[in-house]
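A short write-up of the structure that comes next.
Only heavy atoms go into these numbers, but all of them, side chains included; no hydrogens, no water, no symmetry mates.
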Amino acid sequence: MRLPRPALIATATATAAAALLLSPNGAVADPTPRPGAQPAPPVREGSGLSDPSGRAAAKAPESTTDRALTTPVTELTDGTGTAGGTRGYPREQVLTPEAENPADKSIKLGLTPYHAIAPKLNALQRLGDRVSVEVAGRSAGGHRLYLVTVTAPESTRQARAQERMRELIENTPSAAAKDASVKRTYKTPVFFNNNIHGNEWEGTDAALKLIEKLATAQDRSTTDLLARNRVYFNITANPDGRIAGTRANANGFDLNRDFVTASQPEVRAMRQIAIDKQPAVMVDLHGYVNGTLIEPTTPPHGENYEYDLFLKNTYANALGMEAAVNGLGYTPAKDGVEPAQIPFRDQEEGWDDWPPIFTPQYMPFHGTVAAHTVEFPMAVNNDEYDDLPVTELRRRSAINVAIAGAAMRASLDYTQAHRTSLIADQIEVFRRSVTGAAQVPVSPETVPGVPGIGPEDVYTTDFPRAYVIPAGAKTQRSATAAARLVDHLLANDVQVRRATKDFRLGGKTYTKGSYVVDLRQPKRGMANVMLADGRDISDKVSVMYDISGWSLGRLWGATVDTVRTPKLSVPDRAVHEAANVGYVAPRGTLRLRLDDAREIASLNSLLADGVSVRRAADGSAIVPASARAKAVTLAKKYDVAFDATKATGTAPFHRVRVAAAVTPGELFALREMNFDVTPVSTAILNAGFDWSKADVLFASAGLNHAGLNTAARAALDAFLAREGLVGRGATGAALNAATGLLALKPVEGNGDANGVVRVVNSSGGVTSGAPDHSFVYAPLWFTDLGPGVRVEQSYAAGNPLVSGHWRAVEDGSGGPAQAAGRASVVSGPHAVLFGTEPLFRDHPKGQFPQVARALLTVS
């Protein structure tokens, strides 16, 4: 049995302050459990809980949304237009410097401002033949993302040989295990990811120092390291946040929560690095937890990993990093620096690796067998940044840079010492996947040398044989949604095949064109983590650090069938992109379904162009034949179908201008659907807002009726009396109560609850045709419904939670049993209220049309 761990009582700065032991030197992890100590609450970014200050409301400019949506996913470029693995090293290029920005928040800390990075990289490339720079993409704010490779020079032939071996490891692992050249000459890929949270700066500076050392050192250990390994540095994963001193990027997104969705261009760039470089070891550098926090994590552990191989290497490397960090000689008395901590060993729960939304929890699906978050100890952001003297800030930053450097150097030492076994373990990850081998549960026998492994650490899954994404109107809710899901799988390097004939599988008949995802493939863990229902882990731990359920099969609007037949016999072929489903009937009036976000985007585009569109009885859109040319353009752009119809429609649709007090993910999703959105908040309304520019208010965050001044409150009340409200969560319910639009009682569930839930949709309303699953995060439900209040959707009977973490609170209230059968979405003449999270972090794509219908209906 594992020895009892003290509760996690220090976590990232964003965790609720009550969970931190504050000292003049930052958050401190108590090495022993206090009597009655409780686990720290999870970080609740984007929860939409009431915020009287109005700071929680999103306010990103529309241009950043456009960039995020249109930035292409490309192979890395070295400035020559040559693709990644086909050219030797060094791959040098001269970077055009950025304009100097004296407002860059890094400057105050004595760190490298973003505008100084390109000149530094140019100088580092001139030091010799070991340093190469590639541009991995651009941020939401338009800044370049730099990937630096440090390795011994390679000819084009040698680089191609490395790429051949990388592909052999992934796609033919049994052959790779026997290939002497792999064992002898393959360079272990190591990846250091820096500054993914923009106001956790120091990894970038430590990386630049380490690159210079590796570029110039002539000792035998360095030359041998670079001869046997490639070391990759993402210099700053979040330049927008680095410049602005914010955790999020220019769109307000926490990039370390976006990996399963990949809505942001920075995350798509990191995803491509993972695919192209296939790191065996990676470290994600963060701040601030004192003492330095070094993963592996507490339970629960992701059930789709080959966790025995992951834990073996991640724990061993953590020990080396711990020794290196503590070896710097910082002490609590002298420097305010506590000894390093390893959550797996030192803590009970609350810092888990369950969801694939974090960088180190996403990378294992691409073959990484040692992956870490490292949190430096000395807080320099948020209140500390504003309140501490510059000399103290720079003292702390210097300590953090040193600690980040020690962690990176220790990881290189571990990689060099265990290079052969690391590659062997990566090969084994892929071998198990392609052969359909069972996972190996962790135990003291299967993972020797890791203390305290107990039953609370054992998580495995029963991989199905395959998934089928059916084709055909009778079996697929939305062809557009299915195509989007297939393209997303392919973008994550999941192999997808398409049937060339009708076939029968698992007792069902499928038509030609259906997609098959065979889980006997290298990235089976990736495929399963996205398509499986997931698991209800409410009984496993008392609290989770972040979300616990995310099934794309349930939440993205496409039908996905699970197949457990042992053998596959399907006439099919591999595909590299989904087949186009965009179509426009050649003559007559057109009908556009509104069951998918892209169909909503098409409708809003037509309305913006002045096209007269009417509503059909089933809620779809009737488009006149005169708009056929515009429909053709939209069908190509959004991959949607305009079918022929004889219906004429009833009431006209109107272009909706939305005033939105919402989270960043919701703002992004609204703009993704082409709504005309103006962000608002308590502060903006108090400053004076012209309500004639809006047709409806969508409120979920950053708007507090009681915090409005007299004029702002009167203007808002008058607007809601004549127009309408779409509200979500506690903020929406509170605004409804303050303005008396719907007579009802909102009931707040456990604020830590989140996951995929079963729902029952009513016909003919805003949830008509919606999926029978939704997503919750701090769920809400409605009781005591008054006259005129319609139930649009209810939580399913029994236990509605399919996957995630949802417990009742201590007094027995707020749990899934209390929500079962209760209204989750309600409406009235001028309002719709959601107790679910249908736009959460731009993720549950299949839920988006519910909000769109609400906005179109209320306005």
Checking side-chain contact (heavy atoms from CB on, under 4.5 Å) for the pair Glu322/Arg345: CA distance, chi angles, key distance, verdict?
CA-CA 12 Å; Glu322 177 186 43; Arg345 180 193 66 198; 2.6 Å; yes

Under the salt bridge (Lys or Arg N to Asp or Glu O under 4.0 Å) criterion, do Glu212 and Lys209 qualify, and how do the steps go?
CA-CA 5 Å; Glu212 182 173 3; Lys209 288 177 181 290; over 6 Å; no

Value rounded to 0.5 Å, distance of NZ in Lys277 from CG in Asn234
12.0 Å

Partner of Arg242 by side chain to side chain donor-acceptor pair (under 3.5 Å), out of Asn195, Asn199, Asn249
Asn195

Let me see the working for Arg87 and Glu134 under salt bridge (Lys or Arg N to Asp or Glu O under 4.0 Å), right down to the final yes or no.
CA-CA 12 Å; Arg87 185 168 176 249; Glu134 297 169 272; over 6 Å; no

Any side-chain donor near an acceptor of the partner, Glu202 and Tyr288, under 3.5 Å:
yes

Answer with yes or no after comparing the ring centroid distance for His143 and Tyr114 against a 6.0 Å cut-off, counting only values under it.
yes

Do Ser221 and Asp224 pair up side chain to side chain, a donor and an acceptor below 3.5 Å, judged on atom types alone?
no

Angle class for the Tyr307/His301 ring planes (parallel below 30°, perpendicular above 60°, tilted otherwise)?
parallel

About how many Å separate CG of Asp335 and CG of Leu328, when rounded to the nearest 0.5 Å?
10.0 Å

Can you see whether Asn238 engages Glu266 through a side-chain donor-acceptor pair at a distance of less than 3.5 angstrom?
no

Among Phe192, Phe191, Tyr146, find the one that has a ring pair (Phe, Tyr, Trp, His ring centres under 6.0 Å) with Phe233.
Phe192

For Asn256 and Thr359, test the side chains for any donor-to-acceptor distance below 3.5 angstrom and give the result as yes or no.
yes

NZ or CZ of Lys108 within 45° of Tyr385 ring axis and under 6.0 Å
yes

Centres of the Trp354 and Tyr459 rings: under 6.0 Å?
yes

Thr420-Lys183 side chain donor-acceptor pair, cut-off 3.5 Å
no

Does a side chain donor of either Asp352 or Thr298 reach within less than 3.5 Å of an acceptor in the other side chain?
no

Please tell me whether Thr373 and Asp284 have a donor and an acceptor in their side chains that are separated by less than 3.5 angstrom.
no

